[in-house]
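Report on the following structure.
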Amino acid sequence: MMKNNFMICGLTGWCMEIIFTSLDSIRNNNFKLTGHTSIWMFPIYGMAAVIPPVYKHIHKLPAIFRGSIYSAGIFVCEYLTGTFLKKKGICPWDYSNAKTNINGVIRLDYAPLWMMAGLLFERVTTVPRRKS
């Protein structure tokens, strides 16, 4: 199941990133709405497969608290992977110009987005799937 959830989270994360970067292109008056991502992001998003074991312990908490826990976990993973990839010169993101950045690899103002992403990953990994 963890392998399936890794694949689901990786693909879900890629889709979210493509949609987010597509919509963000509107700020630059790019109405082609071209989105982008990196192959490196698949395993990074895939790490959200750890959410179901966490969910077992926190499922009774309100969504705002679960989302906050997920957001904190995503920040930790984003910081660690971003720092590693940056040292190798292959980090696909750079938040250095953002006011709330930490070492250019995380943006604290993204906390609400990561809360929602965590809750989405929770949903796609913990809702029972129908067998065909």
Side-chain angles (χ1 to χ4, degrees):
M1 191 54 124
M2 183 70 93
K3 182 179 171 183
N4 287 344
N5 283 341
F6 182 86
M7 298 299 287
I8 289 167
C9 291
L11 291 171
T12 300
W14 263 352
C15 291
M16 288 187 314
E17 186 161 323
I18 290 168
I19 291 168
F20 183 77
T21 57
S22 295
L23 295 175
D24 189 52
S25 67
I26 293 172
R27 285 186 317 136
N28 301 320
N29 292 319
N30 175 1
F31 295 100
K32 290 181 183 179
L33 300 180
T34 304
H36 62 274
T37 189
S38 164
I39 195 77
W40 295 116
M41 299 311 296
F42 186 86
I44 293 170
Y45 286 121
M47 288 190 290
V50 302
I51 285 178
V54 173
Y55 177 76
K56 287 179 184 176
H57 298 287
I58 65 172
H59 70 276
K60 292 183 181 177
L61 294 175
I64 188 81
F65 293 119
R66 294 193 322 272
S68 296
I69 291 166
Y70 300 146
S71 184
I74 290 169
F75 275 140
V76 169
C77 290
E78 185 179 35
Y79 186 82
L80 294 174
T81 58
T83 301
F84 174 78
L85 293 172
K86 196 173 182 181
K87 283 181 184 175
K88 301 287 183 187
I90 56 174
C91 189
W93 69 91
D94 181 8
Y95 299 141
S96 297
N97 294 328
K99 290 180 184 177
T100 61
N101 88 83
I102 297 178
N103 297 332
V105 293
I106 63 173
R107 286 183 61 160
L108 297 177
D109 59 323
Y110 278 7
L113 298 173
W114 291 135
M115 289 173 72
M116 290 186 296
L119 292 169
L120 176 63
F121 286 130
E122 173 189 274
R123 179 90 175 144
V124 300
T125 60
T126 62
V127 172
R129 294 179 192 94
R130 290 187 191 149
K131 297 197 179 193
S132 310

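A donor-acceptor contact shorter than 3.5 Å is absent between the side chain of H57 and the backbone of V54. Formation of a donor-acceptor pair under 3.5 Å by the N101 side chain with backbone atoms of S96 is found in this model. S71 places a side-chain N or O within 3.5 Å of a backbone atom of A111 that can act as its donor or acceptor partner. A donor-acceptor distance shorter than 3.5 angstrom exists from the side chain of K86 to the backbone of N103, with no hydrogens or angles considered. Using modelled atom types, one side-chain atom of T21 and one backbone atom of H36 make a donor-acceptor pair closer than 3.5 Å.
Heavy-atom minimum distance, E122 versus R66: OE1-NE, 2.8 Å. Of all heavy-atom pairs between G118 and I51, the closest is O-CD1, 3.7 Å.
In terms of hydrophobic clustering, with Ile, Leu, Val, Met, Phe, Trp and Tyr side chains grouped at heavy-atom distances under 4.5 Å, L23 and Y110 are assigned to different clusters. By the criterion of side-chain heavy atoms lying less than 4.5 angstrom apart, applied directly or through intervening Ile, Leu, Val, Met, Phe, Trp or Tyr residues, Y70 is grouped together with F65 in one hydrophobic cluster. Note: the hydrophobic cluster containing L11 also contains V124 (ILVMFWY, side chain heavy atoms under 4.5 Å, direct or indirect links). F84 and I39 fall within the same hydrophobic cluster, where Ile, Leu, Val, Met, Phe, Trp and Tyr residues are linked whenever their side-chain heavy atoms come under 4.5 Å apart, directly or through other members. Linking Ile, Leu, Val, Met, Phe, Trp and Tyr whenever their side-chain heavy atoms come within less than 4.5 Å leaves F6 and M2 in two separate clusters.
From F20, atom CZ reaches atom CG of D24 across 5.5 Å, with rounding to the nearest 0.5 Å. Note that the OH atom of Y55 and the OG1 atom of T126 stand 5.0 Å from one another [nearest 0.5 Å]. Atom OG1 of residue T12 and atom CG of residue N5 lie 9.5 Å apart, to the nearest 0.5 angstrom.
No more than 12 heavy atoms of other residues, nucleotides or ligands shown are found within 6.0 angstrom of CG on N97. By the 6.0 Å contact criterion, CD1 on I90 is enclosed, its count of non-hydrogen atoms from other residues, nucleotides or ligands being greater than 12. For W93, the CH2 atom counts as densely surrounded, since its 6.0 Å shell holds more than 12 non-hydrogen atoms of other residues, nucleotides or ligands.
With sequence neighbours excluded, no residue forms a side chain to side chain donor-acceptor pair (under 3.5 Å) with T34. Every residue two or more places apart in sequence or in another chain that forms a side chain to side chain donor-acceptor pair (under 3.5 Å) with Y95 is listed here: E78.
Annotation: side chain of I102 is in contact with side chain of L108 (closest heavy-atom distance under 4.5 Å). Side-chain contact between M16 and L120 is present, with at least one heavy-atom pair separated by less than 4.5 Å. Side-chain contact check for L85 versus V105: every heavy-atom pair is 4.5 Å or farther apart. Counting heavy atoms from C-beta on, the side chains of S25 and K32 never come closer than 4.5 Å. At a threshold of 4.5 Å between non-hydrogen side-chain atoms, the residues I69 and I58 count as touching.
Ring-plane geometry between F42 and W14 is classed as tilted, the angle between the planes lying from 30 to 60 degrees on a 0 to 90 degree scale. Classification of the Y45-W114 ring pair by plane angle, with boundaries at 30° and 60°, yields tilted.
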Verdict with reasoning, F121 to M47, per side chain to side chain contact (heavy atoms under 4.5 Å, CB included): CA-CA 10 Å; F121 286 130; M47 288 190 290; over 6 Å; no
